[in-house]
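As structure tokens, the structure follows; a few thoughts come after it.
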Amino acid sequence: MAAVTTDAPQNHLSHLDDQGRARMVDVAHKKETSRTAVAAGEFVTTAEVIALVRADDMPKADVLATARIAGISAAKRTSELIPLCHQLALSSVKISFGFTDSSITVEATARTTGRTGVEMEALTAVAVAGLTLHDMVKAVDPGATMNGVRLITKDGGKHGHWQRDREPVTPADAAPTLETTRSAVVLVASTGGANGTRPDTTGPTIASWLTDRGFSVRGPLVYADADIAAGLQDALRGEPSLIVSTGGTGVSPTDATPEATAALLDIDMPGIADAIRTRGTSATPHAVLSRGVSGLIGRTLTVNLPGSPGGVKDGLAVLDPLLDHVLAQIAGGGPHDE
């Protein structure tokens, strides 16, 4: 089910004229605005395929890089594939992948400046990336499926911001619970990961951990270190309950996650970041070098974790007993410590 947050949807099909004939919508009267759309889907396959893809050991070479290129190329050719779509000058198409035990999640973000939306380009990117995954893995799993291709958010134009409602998991008359109302975004700061030259070893771990705890998870969203501020803005779309970032917390010249996060914080929560560093020192003295910060951006709890698997493990161990309590407090429904 979907909702428009700024305006009601129109009650007619814009691609049909008054006599019910298909037409291309005339957008000449519309203003040029910056427009963004995010779409997602889930490629369901076997645990064997997941292991092969993550190990980059498929017979058809680099599976994710091939699917990413196919999705980007398809987005650029959407007007050739969907007959009534306008030709758009895309400023950016970004495709990211995540893993569960039995699926590969595909997310595409498309951007343009123009008179019409870019949602079809994002949806086409996801669909074709999924089809390419199927082509790459069919020798091992011919029964794989691409499911749930859907628009997540779109921005720009007359209607402003639109986002998909969360899928209902309880009867409509049931009281909302913490588990049915909280969402999370996993954000990865990795220049190599964004360029496709380095595997993401931490984002999928965080996503799986959050899913196991009842979160609706978006991502991992992988951004280059230099683009992490834009990544945070992307992660904040839809006002999730929680953002967990990984990477970019050290002291190298490109590490910028703490600065980007601190610039947006409304409430600083240094105790969480300090506890993560303290726990990490039991494994390595280098843990004190992490400059990660934590706090609230609006009503979104945001936590920076280090970019190493060990640092992520320590950070999640610190968050485990805290999350339910702090998210309930943020929502106004939990007990308050003196």
Side-chain angles (χ1 to χ4, degrees), residues 94 96 98 109 183-195 198 200-207 209-210 215 217-323 326-327 329-330:
K94 181 180 179 62
S96 60
T109 301
S183 59
V185 179
V186 179
L187 177 63
V188 179
S190 170
T191 301
N195 294 336
R198 181 178 179 181
D200 177 10
T201 60
T202 55
T205 298
I206 300 171
W209 186 87
L210 290 167
F215 285 86
V217 180
R218 180 176 167 227
L221 309 179
V222 184
Y223 277 80
D225 291 295
D227 299 327
I228 196 60
L232 274 168
Q233 293 292 344
D234 187 1
L236 284 165
R237 294 179 186 279
E239 300 179 355
S241 303
L242 173 68
I243 296 173
V244 180
S245 73
T246 172
T249 63
V251 292
S252 75
T254 59
D255 289 332
T257 303
E259 288 78 11
T261 306
L264 299 177
L265 287 182
D266 296 301
I267 299 176
D268 187 18
M269 299 176 68
I272 295 177
D274 289 343
I276 293 170
R277 280 185 283 270
T278 298
R279 186 178 182 93
T281 58
S282 64
T284 172
H286 296 164
V288 299
L289 300 178
S290 173
R291 301 182 300 110
V293 300
S294 302
L296 294 184
I297 303 175
R299 295 173 65 85
T300 299
L301 175 63
T302 306
V303 180
N304 298 161
L305 299 185
S308 66
V312 165
K313 180 180 178 182
D314 292 332
L316 296 180
V318 169
L319 290 177
D320 199 16
L322 300 177
L323 272 184
V326 69
L327 292 178
Q329 281 198 354
I330 294 168

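Numbering of residues begins at 1 and proceeds along the displayed sequence.
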Do any side-chain atoms of residues 295-312 form donor-acceptor pairs under 3.5 angstrom with protein atoms, and if so which ones, sequence neighbours left out?
residue: Arg299; atom: NH1; partner: Ile330; partner atom: O; Å: 3.4
residue: Arg299; atom: NH2; partner: Ile330; partner atom: O; Å: 2.7
residue: Thr300; atom: OG1; partner: Pro240; partner atom: O; Å: 2.6
residue: Thr302; atom: OG1; partner: Thr300; partner atom: O; Å: 3.4
residue: Asn304; atom: OD1; partner: Val293; partner atom: N; Å: 3.1
residue: Asn304; atom: ND2; partner: Ser245; partner atom: OG; Å: 2.9
residue: Asn304; atom: ND2; partner: Thr261; partner atom: OG1; Å: 3.2
residue: Ser308; atom: OG; partner: Gly311; partner atom: N; Å: 3.0

Restricting to non-hydrogen atoms, name the atom on [X] and the atom on [Y] that form the minimum distance, rounded to 0.1 Å.
X: Met269; Y: Val326; value: CE-CG2, 3.8 Å
X: Ala273; Y: Gly292; value: CB-O, 3.3 Å
X: Ala317; Y: Arg279; value: CB-NE, 3.3 Å
X: Ser190; Y: Gly193; value: OG-N, 2.9 Å
X: Ala194; Y: Ala224; value: CB-N, 3.4 Å

>> Against Leu319, only a single residue in Ile206, Leu242, Ile272, Asp314 fulfils side-chain contact (heavy atoms from CB on, under 4.5 Å); can you say which?
In response: Ile272
>> So does Ala287 get a backbone contact from the side chain of Ser290, meaning a donor-acceptor N/O pair under 3.5 Å?
In response: no
> Taking only residues two or more places apart in sequence or in another chain, which ones pass salt bridge (charged side-chain N to carboxylate O under 4.0 Å, His left out) with Arg277?
Replying inline: Asp274
>> Which residues pass the salt bridge (charged side-chain N to carboxylate O under 4.0 Å, His left out) test with Asp320, not counting sequence neighbours?
In response: Arg213
>> Taking side chain to side chain donor-acceptor pair (under 3.5 Å) as the definition, give me every residue that meets it alongside Thr109, ordered by chain and number, with sequence neighbours left out.
In response: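 Not a single residue meets the side chain to side chain donor-acceptor pair (under 3.5 Å) criterion with Thr109.
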> Quick one: side-chain hydrogen bond (donor to acceptor under 3.5 Å, both in side chains) pairs with a partner in residues 220-230, sequence neighbours left out?
Replying inline: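 For residues 220-230: Thr191-Asp225, Tyr223-Asp234.
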Within this structure, what is the [atom1]-[atom2] distance for the pair [X] and [Y], rounded to the nearest 0.5 Å?
X: Ile228; Y: Leu221; atom1: CD1; atom2: CG; answer: 9.0 Å
X: Thr249; Y: Glu259; atom1: OG1; atom2: CD; answer: 10.0 Å
X: Leu210; Y: Arg218; atom1: CG; atom2: CZ; answer: 14.0 Å
X: Trp209; Y: Leu323; atom1: CH2; atom2: CG; answer: 4.5 Å
X: Leu187; Y: Ser96; atom1: CG; atom2: OG; answer: 10.0 Å

>> Can you confirm whether Phe215 sits close enough to Val244 that some side-chain heavy atom of one is under 4.5 Å from a side-chain heavy atom of the other?
In response: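 They are not in side-chain contact.
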>> So, using side chain to side chain contact (heavy atoms under 4.5 Å, CB included) as the criterion, who are the partners of Asp200 when residues are at least two apart?
In response: Val188, Thr202, Pro204, Pro220, Val222
>> Test side chain to side chain contact (heavy atoms under 4.5 Å, CB included) on Gln233 and Leu264; report intermediate values, then the result.
In response: CA-CA 9 Å; Gln233 293 292 344; Leu264 299 177; 3.7 Å; yes
